[in-house]
Amino acid sequence: MASLLIRNIHTLVLADKTRRRTAVKGPEMAQLPCLQNAFLLCEDAIIKTFGPMEACPERADTIIDAEGGMVFPSWCDSHTHIVFAAAREEEFVDRIKGLSYEEIAARGGGILNSARRLQVCSEDDLFEGAWNRLQEVIGYGTGAIEIKSGYGLTLESELKMLRVIRRLKEKSPIPIKASFLGAHAIPLEYKQQREAYINLIIHQMLPQVAAEQLADYCDVFCDRGFFTVAETDQILKAALQYGLKPKIHANELDYSGGVQVGVANGAISVDHLEYTGPEEIAALLDGHTLPTLLPSCAFFLGIPFAPARQMIDAGLPVVLASDYNPGSSPSGKMSFVVALACIKMNMLPEEAIYAATLNGACALELADDYGSIAEGKKANLFITKPIPSIAYLPYAFGSDIVQHIILNGQVH
Ligand code: NIG
Ligand code: FE
């Protein structure tokens with residue numbers, strides 16, 4: 001058995017005595033359990049125990065002195081698109097010059113641009129790019145992640161993306177969940193025959209994805225200009241027949257009905273929610289679906305931020321994720337997502353940290369083992385440089401505060 005001891009921890013963040021496996025919601029989100037001047041002991045890949053420095057064990061195979069740094073549970077990033085062939089900085093410049101995200105998409109750019117690039121990219125090259133992005137975000141403190149397909153938009157290329165995600169799963173030191181997002185955009189050649197593309201998803205893509213067990217979830221971009229509520233409902237119901245639970249893009253561009261159709265189909269989460277009003281909040285309060293907010297997308301596209309404050313004040317369990325993708329959020333830095341949540345959505349630092357760790361783990365259905373510093377959970381965490389307080393993390397939004405990464409009880 002290999003043991004790892006971390007000593008002299010200024011603050012052990014989300015020190016969870018009860019091993020929480022469910023999302024925290026409403027006013028609870030501001031009550032982040034922390035232990036000052038602490039130690040943490042891991043055995044093999046698991047958190048064994050933690051406590052005050054006075055009770056610190058003397059021996060371990062590896063000892064790290066945190067030297068006044070804090071220990072956080074790793075970020076759980078429940079929404080990314082890190083398998084892609086090329087960046088899209090030309091569209092970024094087009095937007096600076098005045099075009100909107102939707103205008104770029106309508107003329108065949110955006111997701112369709114990424115699909116054209118991906119279709120001609122080899123599986124090995126896609127894997128290499130995604131692997132590098134995975135290493136990048138692990139370096140920022142991410143310790144569990146979801147990755148979507150959706151830049152293939154043909155049977156062959158959607159399968160290629162999902163096989164890349166499977167290879168990532170096999171090699172990755174952190175857990176990965178895969179979402180099938182064939183319904184990301186209607187390909188140009190199907191513009192005049194949308195049902196034919198939906199039939200392709202339902203009758204060819206879904207059966208093959210299920211047969212090869214390539215996905216954990218089914219995603220649909222339910223929004224103005226993309227997939228309608230009726231189409232989303234049809235695809236989600238078909239996916240459920242194959243055991244793929246919904247986890248969808250909703251209400252990024254309009255009050256699209258996406259939240260309601262997600263909740264009605266028992267979605268694990270509905271993600272984006274920039275356009276959320278009282279009806280969406282009421283639907284979420286009635287169901288078990290987690291609202292996942294992606295503030296780096298709103299920041300990058302210059303669209304409204306989701307009303308996180310109203311959601312938490314209404315008693316909801318908010319989740320934060322990066323949406324790392326080449327079009328609307330070319331960053332997977334979760335500490336920046338947390339900072340944006342505080343600066344732009346009025347979340348308290350404690351709420352944002354809960355949303356990016358434990359609640360993110362719930363949106364990945366991994367909260368039994370990830371998302372908090374609890375005895376028996378996986379030892380995925382990061383040690384910061386010395387920082388004066390928890391609030392300093394979102395406050396110093398441009399600083400790199402991660403000092404050491406620990407994955408599966410080992411220094412990474
Ligand atoms: O979550 N909104 C839909 N999908 C992605 C963006 C895709 C793209 O622009 O490439 C998102 O923002
Ligand atoms: Fe997304």
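For this chain, numbers begin at 1 and follow the sequence in order. In each ligand, atom 1 is the first atom listed, and ligand 1 is the first ligand listed.
- Counting atoms of ligand 1 from 1 in the listed order, those under 4.0 Å from a heavy atom of His79 are 1 (O).
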If you look only at distance, which donor and acceptor atoms sit under 3.5 Å apart when one is on a side chain in residues 368-380 and the other is two or more places apart or in another chain?
from   : atom 1 : to     : atom 2 : distance (Å)
Asp369 : OD1    : Arg19  : NH2    : 3.3
Ser372 : OG     : Asp16  : OD2    : 2.7
Ser372 : OG     : Lys377 : NZ     : 2.9
Glu375 : OE2    : Thr49  : OG1    : 3.2
Lys377 : NZ     : Arg20  : O      : 2.7
Lys377 : NZ     : Ala367 : O      : 3.0
Lys377 : NZ     : Tyr370 : O      : 3.1
Asn380 : OD1    : Asn408 : N      : 2.8
Asn380 : ND2    : Gly143 : O      : 3.0

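- With respect to the salt-bridge test (charged N to carboxylate O, under 4.0 angstrom), the residues Asp124 and Arg167 qualify.
- Contact annotation: for Tyr101 versus ligand 1, heavy atoms closer than 4.0 Å belong to the side chain alone.
- Residues Glu136 and Tyr140 have side chains that bring a donor and an acceptor to within less than 3.5 angstrom of each other.
- Under the 4.0 Å criterion applied to side-chain N and carboxylate O atoms, Lys333 and Asp400 are assigned as salt-bridge partners.
- With a 4.5 Å cut-off on side-chain heavy atoms, Ile281 and Met311 count as touching.
- The single protein non-hydrogen atom nearest to atom 2 (N) of ligand 1 is Glu252 OE1, 2.6 Å, given as residue, atom name and distance.
- Counting atoms of ligand 1 from 1 in the listed order, those under 4.0 Å from a heavy atom of Asn325 are 6 (C), 7 (C), 8 (C), 9 (O), 10 (O), 11 (C), 12 (O).
- At a 3.5 angstrom cut-off on N or O pairs, His249 counts as close to ligand 1.
- Atom 12 (O) of ligand 1 has as its closest protein heavy atom Ser328 OG, 2.5 Å.
- Annotation for Leu273 and Pro291: closest pair CD1-CB, 3.5 Å, computed over non-hydrogen atoms.
- Near Tyr151, with a cut-off below 4.0 Å to any heavy atom, the atoms of ligand 1 are 7 (C), 8 (C), 10 (O).
- Note that Lys25 lies outside the cation-pi zone of Tyr354, set by a 6.0 Å cut-off to the ring centre and a 45° limit from the axis.
- A donor and an acceptor atom, one from each side chain of Gln119 and Ser157, are nowhere located under 3.5 Å apart.
- Screening the protein for N, O or S atoms under 2.8 Å from the Fe ion (ligand 2) yields 4; no waters enter the count.
- Taking a cut-off of under 4.0 Å to the non-hydrogen atoms of Phe221, the atoms of ligand 1 that pass are 2 (N), 3 (C).
- Close contacts between ligand 1 and His184 involve ligand atoms 3 (C), 4 (N), 5 (C), 7 (C) [criterion: under 4.0 Å to a heavy atom].
- For ligand 1, the atoms closer than 4.0 angstrom to any heavy atom of Asp323 are 1 (O), 11 (C), 12 (O).
- Less than 4.0 angstrom separates some heavy atom of His272 from each of these atoms of ligand 1: 1 (O), 2 (N), 11 (C), 12 (O).
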Quick one: side chains of residues 242-251, donor-acceptor pairs under 3.5 Å with protein atoms, not counting sequence neighbours, listed by atom name and distance.
from   : atom 1 : to     : atom 2 : distance (Å)
Lys245 : NZ     : Glu365 : OE1    : 3.4
Lys245 : NZ     : Glu365 : OE2    : 2.7
Lys247 : NZ     : Ser269 : OG     : 3.2
Lys247 : NZ     : Ala363 : O      : 2.6
His249 : ND1    : Asp219 : OD1    : 3.1
His249 : ND1    : Asp219 : OD2    : 3.0
His249 : NE2    : His79  : NE2    : 3.0
His249 : NE2    : His81  : NE2    : 3.3
Asn251 : OD1    : Ser256 : OG     : 3.1
Asn251 : OD1    : Gly258 : N      : 3.3
Asn251 : OD1    : Val259 : N      : 3.2
Asn251 : ND2    : Tyr275 : O      : 2.9

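- Legend: residues meeting side-chain hydrogen bond (donor to acceptor under 3.5 Å, both in side chains) with Lys171, ordered by chain and number and at least two apart, are absent.
- Remark: Arg163 does not engage Glu123 in a salt bridge, criterion side-chain N to carboxylate O under 4.0 Å.
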